[in-house]
Amino acid sequence: MYQALRTSLLSSARCWDADSERSYQVLFDKLDTNKDGRVDVAELRAGLKAMGMFRHGAAQKIVSSGDRNKDGCLDFNEFTKYLKEHEMKLMLTFKSLDRNNDGHIDATEIQQALAELGIDISRKHAMKILQSMDIDGTMMVDWNEFREHFLLYPAFNLEEIIRYWKHSSFLDIGDSLSIPDEFTEEEKRSDEWWKQLVAGAVAGAVSRTGTAPLDRLKVFMQVHSSKKNKISLIGGLRQMIVEGGLTSLWRGNGINVLKIAPETAIKFMAYEQYKKLLTSEGKKIETHKRFMAGSLAGATAQTAIYPMEVLKTRLTLRKTGQYAGMFDCAKKILRKEGVIAFYKGYIPNLIGIIPYAGIDLAVYETLKSTWLSHHAKDSANPGVLVLLGCGTISSTCGQLASYPLALIRTRMQAQASLDVSDQPSMSSLLRTIVAKDGFFGLYRGILPNFMKVIPAVSISYVVYEYMKTGLGISK
């Protein structure tokens, strides 16, 4: 039924010719249900739903893009201008997909386009994506079918249309060990890439600030909790509030936010260099090489900003009056313990990058493939909830695998602040924890860590979307 209604509404607007304005008029009249000469977001959303073309946020983006007089609606002139401009962009996209210039897109060409964006899918999955656009059942998509499928969808270039499954790093859950975002050559030449990085950094800053009490509780439990000294969620929060007041729950958050910018910049630049080293000129990077480049970039960024990680742990665990601020903390550590103190816990932190990034990527790819195998025949777009769900699950699995190493890293970073004269190595600390607290002692603080995941992801997503709009990249 959806397909029939969709074809009925769009069939008159199929031809790219001088009479297209008349075709647009027919479409506009059908969308303008209250006949006031304007199409608002609600009417457009209802029209998209009726045609089985609803995509989250599409109606709002179309109206925002075409609304020249900023009255929140599209009149016929605005509607026509938007569609004409959109069609021209879609035509360029169609031609870039049509590799052999035969006027049709087939499954092989879809596979090639996805592979260039780092997404490897089977021919079966490519056929299902093709079916979502194929109206006449030929298993090939011509310009009219392609145009009809994307006419009322705000994405227009190849990357926007295909990169539904880009695993974005804007989902900030507190640990920046995931593989960096993949940017196309077009994005690198324009200012899109840095705008996306800025939007992600701001989203991470707000997210970390919003979940800082849970993060501090996690670190507090990692260092102080044991079988003999059990600390519950409520008990830990109460101890911190009694010692330093309500604002003490945000101790260490300042430097945790401050390190986002240098870490993101270093990781991005290092990732691009490692990709060049691992791939031949002009070839697209394969998934396993992308993982290697991402892991190396993460290691490079962590090496550069690791002193800030140590400062964050010390400031998070500090008692009232112990340090006047981050500079005072750095000065006291340097004077008392020397430069080497700024790299305590560095080895377990470095080792933790491999299981985190590897499992994060593997789980995400598995979830992506599973979704595509069951739903790609309806639409290649998984929707916001599926993307957020897959990103959250994969990141959480990565955290779960690397958590024991993170706990050991935190203990080693905190040792001097606990006045421990004997400074054990990573292996001896691991044996001590297992001997005293058992295997699950390596997961102290995991509960508040998991509790912050959903609010962190939610805050990241909302802020990221607002930032994209503000920076002009939500088109």
Side-chain angles (χ1 to χ4, degrees), residues 1-94 103 105 129-138 140-157 160-161 164 375-384 469 474-475:
M1 188 180 106
Y2 284 156
Q3 189 63 52
L5 182 55
R6 176 176 162 180
T7 304
S8 164
L9 284 173
L10 291 174
S11 59
S12 59
R14 275 194 182 179
C15 300
W16 179 253
D17 56 29
D19 295 324
S20 59
E21 195 155 331
R22 226 175 307 140
S23 305
Y24 297 149
Q25 184 69 62
V26 174
L27 181 58
F28 182 83
D29 289 343
K30 288 178 179 177
L31 290 171
D32 181 20
T33 52
N34 63 3
K35 306 303 176 189
D36 65 349
R38 297 184 303 172
V39 174
D40 59 23
V41 174
E43 288 174 316
L44 187 54
R45 189 182 293 122
L48 293 175
K49 280 184 178 177
M51 289 181 272
M53 296 170 65
F54 178 73
R55 296 173 176 92
H56 182 81
Q60 181 63 61
K61 287 181 180 179
I62 290 171
V63 172
S64 298
S65 298
D67 184 17
R68 307 293 167 133
N69 60 6
K70 306 300 177 188
D71 63 350
C73 303
L74 297 179
D75 59 29
F76 179 67
N77 288 333
E78 290 172 327
F79 184 74
T80 302
K81 190 172 180 62
Y82 170 80
L83 288 183
K84 283 182 177 178
E85 290 176 354
H86 192 55
E87 278 198 49
M88 284 190 284
K89 292 169 183 173
L90 284 175
M91 175 60 85
L92 293 174
T93 301
F94 180 81
I105 300 169
I129 292 171
L130 196 69
Q131 283 174 0
S132 70
M133 296 182 276
D134 183 25
I135 294 171
D136 57 16
T138 60
M140 289 192 295
V141 174
D142 62 21
W143 160 239
N144 284 330
E145 290 171 318
F146 184 83
R147 175 186 174 279
E148 181 171 313
H149 190 79
F150 289 107
L151 184 64
L152 291 177
Y153 181 59
F156 60 81
N157 64 36
E160 283 185 276
I161 289 170
Y164 295 130
H375 303 288
K377 64 181 182 296
D378 301 315
S379 171
N381 182 3
V384 171
T469 304
S474 185
K475 300 245 173 110

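This structure is a prediction, so every number in the text was calculated from the model and none was measured.
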**Request:** Assess whether side chain to side chain contact (heavy atoms under 4.5 Å, CB included) is satisfied between W143 and L90, documenting all intermediate values.
**Result:** CA-CA 9 Å; W143 160 239; L90 284 175; 4.0 Å; yes
**Item:** By salt bridge (Lys or Arg N to Asp or Glu O under 4.0 Å) - contacts of D29 (at least two apart)
**Value:** none
**Spatial distance of atom CG (D67) from atom CD1 (I62) [nearest 0.5 Å]** = 13.0 Å
**Heavy-atom side-chain proximity of E145 to I105 below 4.5 angstrom** = no
**Asked** Taking atom CG of D75 and atom NZ of K81, what is their separation to the nearest 0.5 Å?
**Response** 12.0 Å
**Asked** Below 4.5 Å, heavy atoms only, C-beta onward: do V63 and D40 meet side chain to side chain?
**Response** no
**Non-hydrogen side-chain atoms of D71 and R38 separated by less than 4.5 Å** = yes
**Prompt:** Does any N or O in the side chain of E78 come within less than 3.5 Å of the main-chain N or O of N69, such that one atom is a donor and the other an acceptor?
**Reply:** yes
**Complete:** Shortest non-hydrogen pair, V39 vs F28, comes out as CG2-CE1, 3.4 Å
**Request:** Can you sort out the partners of T33 under side-chain contact (heavy atoms from CB on, under 4.5 Å), two or more places apart, ordered by chain and number?
**Result:** E43
**Prompt:** Hey, are the side chains of M91 and E87 touching, using non-hydrogen atoms and a 4.5 Å cut-off?
**Reply:** no
**Side chain to side chain, L74 and L31, heavy atoms closer than 4.5 Å** = no
**Asked** Roughly how far, to the nearest 0.5 Å, is the CG atom of D32 from the CZ atom of F76?
**Response** 11.5 Å
